Amino acid sequence: MRLRTGYILSAILLAAFAGPARAADTVVTIHKATPEGTGDSLGTIAIADSAAGATFKLDLHGLPPGPHGFHVHENGSCDPAVSGGNHVAAGAAGGHMDPDHTGKHAGPDGQGHLGDLPVLDVAADGTATQTLTAPHIKSAAALKGHALMIHAGGDNYSDTPAPLGGGGGRFGCGVVQ
């Protein structure tokens with residue numbers, strides 16, 4: 001009995017001094033964005049809080065190799081939208097999340113859109129497994145109801161020579177729940 005009481009007391013003390021449990025990461029499934037709607041899964045992105053800003057742990061596949069623009073968009077939808085008579089892949093996601101109305105693209109460390117995330121680098125085999133940090137996003141919870149977007153091209157963190165970093169079309173999309 002004495003040994004069992006010792007284990008129970010140890011368990012109670014461990015629970016009391018271990019501190020609060022870390023909230024579960026927010027996991028977003030990314031799907032291929034097409035003018036007809038969402039396609040096959042491209043993998044997941046787990047978003048977590050950290051002292052340095054929100055982190056994005058990538059577990060993606062089926063992407064074209066090379067750099068890709070990566071952003072948080074205004075709306076929580078990956079549906080296509082019609083613009084100028086054309087169906088735009090994931091157009092319902094709107095533009096980059098910009099709650100301060102800066103109106104400029106300046107990258108994750110700049111003073112532009114809050115939704116500007118670090119460039120996503122895809123390996124030759126089409127996978128992306130790095131962890132990226134967005135220093136201006138302080139909480140993963142602030143992203144709920146917004147879309148994560150992977151663009152077809154890279155991102156130069158500027159509005160010149162092409163707007164929004166030159167990332168081009170929308171390749172992959174997922175909604176933060």
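Keep in mind the model is a prediction, meaning the values are calculated, not measured. Worth knowing before you read on, the calculation uses all heavy atoms, side chains too, and leaves out hydrogens, waters and symmetry mates.
Atom OG1 of Thr26 and atom CD of Gln177 lie 10.0 Å apart (nearest 0.5 Å). In this structure, CD1 in Ile47 is found 8.5 Å from CD1 in Ile137, a value given to the nearest 0.5 Å. Distance check, rounded to the nearest 0.5 Å: OG1 of Thr38 to CD1 of Ile30 gives 11.5 Å. Expressed to the nearest 0.5 Å, how far OG1 of Thr44 lies from CG of Leu148 amounts to 11.0 Å. The CG atom of Leu120 lies 13.5 Å from the CE atom of Met149; values are rounded to the nearest 0.5 Å. Atom-to-atom distance recorded for His113:NE2 and His136:NE2 is 13.0 Å, nearest 0.5 angstrom.
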N/O donor to acceptor pairs below 3.5 angstrom from side-chain atoms of residues 160-171, sequence neighbours left out:
residue : atom : partner : partner atom : Å
Thr160  : OG1  : Ser158  : OG           : 3.3
Arg170  : NH1  : Ala90   : O            : 2.7
Arg170  : NH1  : Gly94   : O            : 3.2
Arg170  : NH2  : Gly94   : O            : 2.9

Would you tabulate the side-chain donor-acceptor contacts of residues 122-132 under 3.5 Å, counting partners in other chains and residues two or more places apart, or write 'none'?
residue : atom : partner : partner atom : Å
Asp125  : OD1  : Thr127  : N            : 3.1
Asp125  : OD1  : Thr127  : OG1          : 2.6
Gln130  : NE2  : Asp121  : O            : 3.2

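You'll find the side chain of Met97 stays beyond 4.5 Å of the side chain of His73, heavy atoms only. Taking 4.5 Å as the limit, every side-chain heavy atom of Leu117 sits out of range of all side-chain heavy atoms of Pro108. Side-chain contact check for Pro118 versus Thr133: every heavy-atom pair is 4.5 Å or farther apart.
Take His146 and apply the ring pair (Phe, Tyr, Trp, His ring centres under 6.0 Å) test, not counting sequence neighbours, and it matches no residue.
Ala93 and Ala147 get closest at one heavy-atom pair: CB-CB, 3.9 Å. Residue Gly172 comes nearest to Leu42 through the heavy atom pair CA-CD1, 4.0 Å, listed as atom of the first residue, atom of the second, then distance. Considering every non-hydrogen atom in both Phe70 and Ile150, the closest pair reads CD1-CG1, 4.1 Å. Between Asp116 and His71, the shortest heavy-atom contact is OD1-CD2, 3.7 Å. Taking every heavy atom of both residues into account, Gln111 and Ala106 meet most closely at N-CB, 3.9 Å. Here the closest non-hydrogen pair linking Asn75 and Ala92 is ND2-O, 3.1 Å.
In the hydrophobic clustering of this structure, Val72 groups with Val176; members are Ile, Leu, Val, Met, Phe, Trp, Tyr whose side-chain heavy atoms approach within less than 4.5 Å, directly or through other members. Val119 and Leu63 end up in different hydrophobic clusters when Ile, Leu, Val, Met, Phe, Trp and Tyr side chains are linked at under 4.5 Å.
In this structure, the side chain of His31 does not engage the main chain of Asp40 through any donor-acceptor pair within 3.5 Å. A donor-acceptor contact shorter than 3.5 Å is absent between the side chain of Asp159 and the backbone of Lys104.
Side-chain atoms of Asp155 and His105 form a donor-acceptor pair, as typed in the model, at a separation below 3.5 Å.
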